[in-house]
Every structure is written in C-alpha cells, then in structure tokens.
Protein chains: 2
Amino acid sequence: MSASKSYSIADLAAEFRVTARTLRHYEDAGLISPARAGQNRVYSTADHARLAWIMRGKRVGFSLAEISEMLDLYNLGDDREEQRRVTLERCRKRIAALEAQRGDIDLTIAELDEFCNTLENLGEDPRLQHTG
Amino acid sequence: MSASKSYSIADLAAEFRVTARTLRHYEDAGLISPARAGQNRVYSTADHARLAWIMRGKRVGFSLAEISEMLDLYNLGDDREEQRRVTLERCRKRIAALEAQRGDIDLTIAELDEFCNTLENLGEDPRLQHTG
DNA sequence: TATCTAGTTTACGTTTACGTAAACGTCAAC
DNA sequence: GTTGACGTTTACGTAAACGTAAACTAGATA
C-alpha cells in the first residue's frame, strides 16, 4: 500500500508551489491538521488530498473561510437526518454559485475571444489600420 | 437615443449593489474616470458598461489590478502592429487562464455533485445510517 | 434662513492571506 | 563538537480592497 506515504512540510510546499509559511497558515486557519513527529509536522496522503482540494479552491477564487466551510460539508456528511438535510442544501447552493461563476467566465471568454478576432482581422486587413 | 443616459454615484451603487466608497475606490485605482458636474461625479453609459465588466471580473475572482489590465487591452487594441501583437498574446493567455479556471470549477462541481448524491442515497437507505 | 439630502475629500481602521525576521530545537555529517 | 539543513514558535509587517468617521460643500425645500 503505497497509499500510506507521508510528507514533510517542504515536500508539500514544493509540490504545491507554496511556502512552508503558507501551509502553517492553513493549519492556523483550521484547514489542515497534520500529525506530529515530535514537534515536526507529518502530512499523510489524506492531508495531501485535502491540500489539493484547498489549492483548487484557491484557484477557483474562494477565500480560506469558504474553503474551510466546503471541507466541513464532507465532515458533516455522516451526521443525523436534519443536519444532513442542511448540509445537502448548502452543498447545492455552492454548486449553484459555481455554475453562476462559470457563466461569468464563459461570458468573459466570449468577449475576449471576439476581441482577439477583431485584432486579428485588423492585422489581415491593413486598410483598417491608422497610419499616424 | 436613450443610450446617452447618465448616472449618479448612488444610482450605480444601488444597481451594482456596492457602496459609493467602492466606486470611488475603483476610480482611485484607475478603473473608471467619470465626468464631473462641478465636483460631483457623473457616470455615462460607457462608464456603466465598464463597471459591469469590472463587477463580472470581480465575480470571476480577479483582483482590481488584473481587471485594470484586461480593460487596458481594449484601449491598446487600436495601437500599431507590434503593440497589437503583444496585446493579442496577452489576451489569449487570459483566455487560457480562464479556461483552466473553468476546468477547476467543473471538477469542484463534479465532486460536490457526487457528494450530494451520496447524501441523498444515505437518506433513502436508512440501513446506512448510524443510530448511536 | 435654516435644515435636509446627496455628494465631496482626507485619512485612519480592518480583514484576509500570507511575508519576513528573530530566536531556538534536532539530527546527521564532518 | 560544531556546522548545516530543516524544522519550530512568536510576532510584527504588508498589500489589497474596501469600511468608517470627520469635516465640508452645494442645491432643494420648508
């Protein structure tokens, strides 16, 4: 089972292209809780996966607080009926928000694309260039 | 031509659901430059459109500096050959970045979706619930 | 004429997400 | 036995994106 690897803080920092400070900060913010060997942090494969989630959340544009909430959803997943209903609802709202965000991204891409085309046509039809 | 409307700072603040302070801040940051009637700001329909762009940029997760850059692309569009080539390249990089971000969003949605399904199935199959 | 109402500038405060020392522990290597 | 390499905590610094309070201006209204 090579699934039970462990990582030093430098390992993960290098892999995810962040500083050790950043990883400690995420720990302060309650996003990860690596084990300790003495006082040194030891990250498990689960921590590794969790961190991958965090980094993707960052790329999507979420704050650490929002990412923390989303990770909490998973932890609450095995709770009792009512709690589960609430979790499900929050989960769906997040999905809706993400879909809205994707819509904004698509619109932005479309406009930039169109602008690119304008620029290209300008290049191929010098009549449209101003000569100064 | 109802396309030549004008807006007060309060108008736009209300419409885009931000404070007047925010609009003034965007001005400080060089994102908009409304006309003045005396010392009061008067926003044109062009300013209105520009602001819509800004807000969408924010929703996508861009910083004000990035949004400023993107808006600059449009202004540089009518420049000379070499400058235009650079603009085009930067424009395409932005598009690529946006597509990557959309990929991250899709992945996140997929995982949340799957998690939602798990929660729903748990609800429909009480055997999987823990009772203690 | 006095008082709103809406806008203005100036400037310090706040939150988020880390950066950046400073001072120290630990273990392997020389 | 001390020098590195790598880790730790503590704590102040910083950039971005506004919030917020203070003090002021200018036009509309009672």
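This one's a predicted model, so the numbers in the text were calculated from it and none came from an experiment. In what follows, chains carry the letters A, B, and so on, assigned in the order in which the sequence lines appear, proteins first and then strands, with residues in each chain numbered from 1.
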If only side-chain N and O atoms count, and only distance matters, is there a donor-acceptor pair under 3.5 Å linking A:S8 with A:D11? yes

**Request:** Mark yes or no for whether B:T87, through its side chain, and B:Q83, through its backbone, hold a donor-acceptor pair below 3.5 Å.
**Result:** yes

Measure up the B:Y74 and B:W53 rings against each other and bin them: parallel (under 30°), tilted (30 to 60°), perpendicular (over 60°). perpendicular

Check: Would you say the side-chain atoms of B:R84 pair up with the backbone N or O of A:L119, donor to acceptor, closer than 3.5 Å?
Finding: yes

To the nearest angstrom, the NE2-C1' distance between B:H25 and D:dG19 comes to 11 Å

Next item on the list: May I ask you to say what A:R41 touches in the nucleic acid, namely base, sugar-phosphate or nothing, with a heavy-atom cut-off under 4.0 Å?
Entry: sugar-phosphate

From CG of B:L31 across to C1' of D:dC18 the rounded distance in Å is 13 Å

Could you tell me whether the side chain of A:T45 and the main chain of A:H48 form a donor-acceptor pair under 3.5 Å? no

Heavy-atom nearest pair, A:D47 first then A:A35, reads OD2-N, 4.5 Å

Comparing nearest nucleotides in DNA chain D, the 5'-proximal residue of the pair A:D28, A:S8 is A:S8

When B:I9 and A:Y26 are each assigned the nearest nucleotide of DNA chain C, the 5'-most assignment goes to B:I9

Classify A:F62 by what it touches in the nucleic acid, base, sugar-phosphate, or nothing, heavy-atom distance under 4.0 Å. nothing

Between CD of B:Q39 and P of D:dG27 the distance, given in whole Å, is 10 Å

Here the distance between atom P of D:dG19 and atom CZ of B:R21, to the nearest Å, is 8 Å

Contact span of DNA chain C against chain A, any nucleotide atom under 4.0 Å from a heavy atom, 5' to 3', runs C:dA17 to C:dT20

